[in-house]
Amino acid sequence: MIFITAKFLIKPEYADRWPQIAGPFTEATRAEPGCLWFDWSRSLDDPNEYVLVEAFRDGDAGAAHVNSAHFRQAQRDLPAHLQATPKIVSQSVDQDGWSDLGEMAVE
């Protein structure tokens with residue numbers, strides 16, 4: 001799978017509304033057949049920062065995502081709400097979902 005984590009620094013005046021602003025993009029991406037997950041979290045340290053954790057089945061699914069109409073629309077719409085270019089880590093990993101964190105196993 002392609003595993004991606006991206007950090008988005010949102011302009012303060014939009015930070016509380018970011019889930020709604022990014023909502024159409026999020027919903028459309030989650031509906032893609034190759035999307036495994038697409039989850040936003042708000043930073044505990046910086047209320048203007050959101051972290052996106054996303055995964056796609058494979059490189060073809062990732063390519064379909066970045067070539068989709070909703071991705072192109074997000075490229076046009078979302079930057080106006082950002083303080084800076086998002087930072088990203090993107091890696092191919094040899095698994096197809098989440099694994100248990102054995103060091104913190106719940107009995």
Side-chain angles (χ1 to χ4, degrees):
M1 76 175 160
I2 307 298
F3 184 83
I4 301 164
T5 303
K7 290 186 173 190
F8 289 72
L9 191 58
I10 312 303
K11 291 178 181 175
E13 62 269 29
Y14 300 115
D16 286 340
R17 292 191 356 225
W18 181 251
Q20 292 77 35
I21 292 166
F25 177 55
T26 299
E27 291 173 22
T29 301
R30 287 177 176 167
E32 293 175 22
C35 179
L36 300 176
W37 58 80
F38 196 85
D39 298 323
W40 294 97
S41 297
R42 195 170 193 176
S43 171
L44 297 175
D45 298 320
D46 182 348
N48 298 321
E49 182 181 78
Y50 283 81
V51 177
L52 175 61
V53 179
E54 56 187 302
F56 297 90
R57 182 184 59 246
D58 53 26
D60 290 341
H65 171 63
V66 298
N67 289 304
S68 68
H70 56 270
F71 189 90
R72 287 191 303 277
Q73 187 66 48
Q75 287 178 299
R76 290 188 293 271
D77 295 345
L78 298 184
H81 302 92
L82 304 177
Q83 293 185 48
T85 301
K87 303 296 183 194
I88 187 171
V89 175
S90 177
Q91 291 293 311
S92 293
V93 295
D94 291 328
Q95 62 189 76
D96 57 6
W98 292 96
S99 299
D100 288 340
L101 178 59
E103 295 83 358
M104 293 195 182
V106 175
E107 302 296 326

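- Atom CG of Asn48 and atom CD of Glu13 lie 9.0 Å apart (nearest 0.5 Å).
- To the nearest 0.5 Å, atom CG of residue Asp96 and atom CG of residue Leu36 are 7.5 Å apart.
- A side-chain donor-acceptor contact under 3.5 Å links Arg76 and Gln73.
- Leu52 and Leu9 fall into different hydrophobic clusters, where Ile, Leu, Val, Met, Phe, Trp and Tyr are joined by side-chain heavy atoms under 4.5 Å apart, directly or via other members.
- Taking the six-membered ring for Trp and thresholds of 30 and 60 degrees, Phe38 and Phe25 have ring planes more than 60 degrees apart, a perpendicular arrangement.
- Of the inter-residue distances, the one linking Met1 atom CE with Glu54 atom CD reads 12.0 Å to the nearest 0.5 angstrom.
- Ring geometry, Trp98 versus Trp37: the interplanar angle falls under 30°, so the pair is classed parallel (tilted spans 30 to 60°).
- A donor-acceptor pair under 3.5 Å is absent between the side-chain atoms of Asp100 and the main chain of Gly102, judged by distance alone.
- Taking every heavy atom of both residues into account, Gly62 and Phe56 meet most closely at N-CB, 3.9 Å.
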Can you give each donor-acceptor pair under 3.5 Å made by side-chain atoms of residues 78-85, sequence neighbours left out, with the distance rounded to 0.1 Å?
{"residue": "His81", "atom": "ND1", "partner": "Asp77", "partner atom": "O", "Å": "3.3"}
{"residue": "Gln83", "atom": "NE2", "partner": "Ile10", "partner atom": "O", "Å": "2.7"}

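- Among all heavy-atom pairs drawn from Tyr50 and Pro47, the shortest one is CE1-O, 4.4 Å.
- Under a hydrophobic-cluster definition in which Ile, Leu, Val, Met, Phe, Trp and Tyr are linked whenever side-chain heavy atoms come within less than 4.5 Å, directly or via other members, Leu101 and Val53 are assigned to different clusters.
- The neighbour count for Lys87 NZ, taken as heavy atoms of other residues, nucleotides or ligands under 6.0 Å away, does not exceed 12.
- Listed here is the closest heavy atom pair of Gly59 and Ile2: N-CG1, 3.9 Å.
- Partners of Trp40 according to the side-chain hydrogen bond (donor to acceptor under 3.5 Å, both in side chains) rule, which considers only residues two or more places apart in sequence or in another chain, are Thr26.
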Show which side-chain atoms of residues 14-24 pair as donor or acceptor with protein atoms under 3.5 Å away, not counting sequence neighbours.
{"residue": "Asp16", "atom": "OD1", "partner": "Arg42", "partner atom": "NH1", "Å": "3.1"}
{"residue": "Asp16", "atom": "OD1", "partner": "Arg42", "partner atom": "NH2", "Å": "2.9"}

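- Val66 and Phe3 are assigned to two separate hydrophobic clusters, defined by single-linkage of ILVMFWY side chains at heavy-atom distances under 4.5 Å.
- A distance of 7.0 Å separates CZ of Arg72 from CG of Asn67, quoted to the nearest 0.5 Å.
- Taken to the nearest 0.5 Å, the CZ atom of Arg57 stands 10.0 Å off from the CD atom of Glu32.
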